[in-house]
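Working notes, beginning with the structure itself.
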2 protein chains.
Amino acid sequence: MPSDAIRAALIERLRVSSAIAEEDIREVEALPISVRQFPAETAVVRDGERATDCCLIVDGFCARSKTLANGKRQILSLHIPGEIPDLMSLFLHVMDHDLSTLTPATLGFISHEALQKLHRRSPRVAEMFWRDTLIDSAMFREWIVNVGQRPAPARLAHVMIELRERLRMIGRLDSDSFEMPLTQEQIGEALGITAVHANRVIRQLRQEGIVELNRGRVTVLDERKFQELADFEPRYLHQSPTL
Amino acid sequence: MPSDAIRAALIERLRVSSAIAEEDIREVEALPISVRQFPAETAVVRDGERATDCCLIVDGFCARSKTLANGKRQILSLHIPGEIPDLMSLFLHVMDHDLSTLTPATLGFISHEALQKLHRRSPRVAEMFWRDTLIDSAMFREWIVNVGQRPAPARLAHVMIELRERLRMIGRLDSDSFEMPLTQEQIGEALGITAVHANRVIRQLRQEGIVELNRGRVTVLDERKFQELADFEPRYLHQSPTL
DNA sequence: GCACGGTTCCAACAAAAGTTAAGGACGCGG
DNA sequence: CCGCGTCCTTAACTTTTGTTGGAACCGTGC
């Protein structure tokens, strides 16, 4: 993948979430990025580690998670190309959770040093990245609501719609279906339910003709019912830079 | 309350979470703050509103929450003096959740304008506030884990210990008991359970001789059992500035 | 082609949590 | 001091979710 294309994903994302000036784009494009390939289901940074780089997803899906002493795992967020899931490590030096790949992924690493230098030089770029971490935070808030207050079928629908809207933002929503490359085990970990119950919920949504989930691909059968179930309010994604 | 004392709470907090230089302290102390009193159970900023100020808690307890279309409410975080719960509104201009008081509270408002000016001038101060929002984010992650993976009694214990440790940080842990001024209804909203079930859980912990909860005050009966139940790992609070 | 591991799927039973309803404690204002 | 409202408390019953265990499916490597 050419170097330009790698940066394009990042720029595209920042353009969506912030009002970015042309000269700032040039600054961001000048950031040195070292690219590496990761297989599926692989840790990128682990809980307790001290990070020295931030990780830009060039291609593939990632997830952040925490594992308890008793082995139970909670998925905190899903991540798609153009995002920097561990931007927070810039100032929270030791990781408090894991970042790992869901699918085979192409990741670009940007050193903390380079990032710190850049935004000491350019407060506008700093604010842009700051805003990015704040949107991340807003998504966690919604995730709390999802896990805490919605019944399991609604939780699943909500996570699906959030993912779909984010894929749409980066122009990766080709057809009426979209990718959600999680096993049922992982879906359970995301929703705070067991894999068995995740299976039940998926079956139920299929039987009710709302949505079909097959080998990591979501096909919506009844858009109206789907939205009604998910109770999705996109404001928390803070898509409009001016708002 | 004298103006100095108001700022002291904030400085104290920033000192704990970041390595702050003396000249930066002076900058922060120079911030204009307008103080107002709020009764208990009152909205400070509401979901959907556009904020123009950030709110420093001088005295009292606050909580952030989101309310769903069906009326269900999820509490996202609890806040104590010295914190700025809506710092995020600086760059996420329209609120995606509510901020309200739990007890009567003294709040200091700092205009976005003043804050923006300050950290354009001083990147170090900006980084300090940025870090503050990142810790906020880390606490949301742990809250997700709590609601998603722990059984209800452990959830309650975890929230209690988190609160206790934070009160300790700001030097407000007088004795063996501490304040947690939530009704059982609100405890339910924080843990993602109903008020009835919250009551059951509280009773259970009392009967097992682990912890007592009485009119907003927590008394630990068996510290060992309490900690074991809560499964509390303080790393996510990122207390040490150097880490 | 076949064995293998990881998923998916499912059913029966157990446990946790939600719902409804109602009585009691407590503080506040008249 | 009484009445009222809020919170706390509890019980009985229902629903959701977890647990256990097992069968079917599917792609991969041999």
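- Using a 4.0 Å heavy-atom distance criterion, A:Gly192 is classed as a sugar-phosphate-only contact.
- The separation between A:Glu212 atom CD and C:dT8 atom C1' is 13 Å, rounded to whole Å.
- Distance B:Leu182 CG to D:dT6 P: 18 Å, rounded to the nearest Å.
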Could you please spell out the steps behind the side chain to side chain donor-acceptor pair (under 3.5 Å) verdict for A:Arg155 and A:His158? CA-CA 5 Å; A:Arg155 285 185 216 179; A:His158 195 278; over 6 Å; no
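- A:Ala195 comes within 4.0 angstrom of no nucleic acid atom, judged by non-hydrogen atoms across all strands.
- Listed candidates were C:dT7, C:dT19, D:dT10. Nearest to the side chain of B:Thr194 is C:dT19.
- The distance from atom CD of B:Gln186 to atom C1' of D:dT6 is 12 Å, rounded to the nearest whole Å.
- With hydrogens and angles disregarded, a donor-acceptor distance shorter than 3.5 Å links the side chain of B:Asp98 to the backbone of B:Asp47.
- Rounded to whole Å, atom C1' of D:dA24 lies 13 Å from atom CD of A:Gln184.
- Atom pair B:Ile187:CD1 and C:dA17:C1' shows a separation of 17 Å (rounding to whole Å applied).
- In this structure, the nucleotide among C:dA17, C:dC10, D:dG18 sitting nearest to the side chain of A:Val196 is C:dC10.
- Nearest to the side chain of A:Thr183, among D:dC7, C:dT7, C:dC10, sits C:dT7.
- Nearest nucleotide to the side chain of B:Ile193, out of C:dT20, D:dT17, C:dG18: C:dG18.
- For the pair A:Asn214 CG and C:dT8 C1', the computed distance is 10 Å after rounding to whole Å.
- In this structure, the side chain of A:Arg141 does not engage the main chain of B:His97 through any donor-acceptor pair within 3.5 Å.
- The side chain of B:Asn199 has D:dT10 as its nearest neighbour among C:dA17, D:dT10, C:dC10.
- Look at A:Arg215 and you'll find a side-chain N or O under 4.0 angstrom from OP1 or OP2 of D:dG27.
- B:Leu156 has its CG atom 15 Å from the C1' atom of C:dA17, to the nearest Å.
- If you check C:dC9, D:dC7, D:dT17 against the side chain of A:Ala152, the one that comes closest is D:dT17.
- Contact annotation: A:Arg206 side-chain N/O to C:dC9 OP1/OP2 distance is under 4.0 Å.
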Test salt bridge (charged side-chain N to carboxylate O under 4.0 Å, His left out) on B:Asp231 and A:Lys72 and set out the steps. CA-CA 12 Å; B:Asp231 182 34; A:Lys72 291 196 180 191; over 6 Å; no
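- Nearest to the side-chain atoms of A:Arg155 among the listed nucleotides C:dA17, D:dT20, D:dT17 stands D:dT17.
- Considering every non-hydrogen atom in both B:Leu229 and B:Leu205, the closest pair reads CD2-CD2, 3.6 Å.
- Considering only side-chain N and O atoms, B:Arg200 lies nowhere under 4.0 angstrom from the phosphate OP1 or OP2 of C:dT19.
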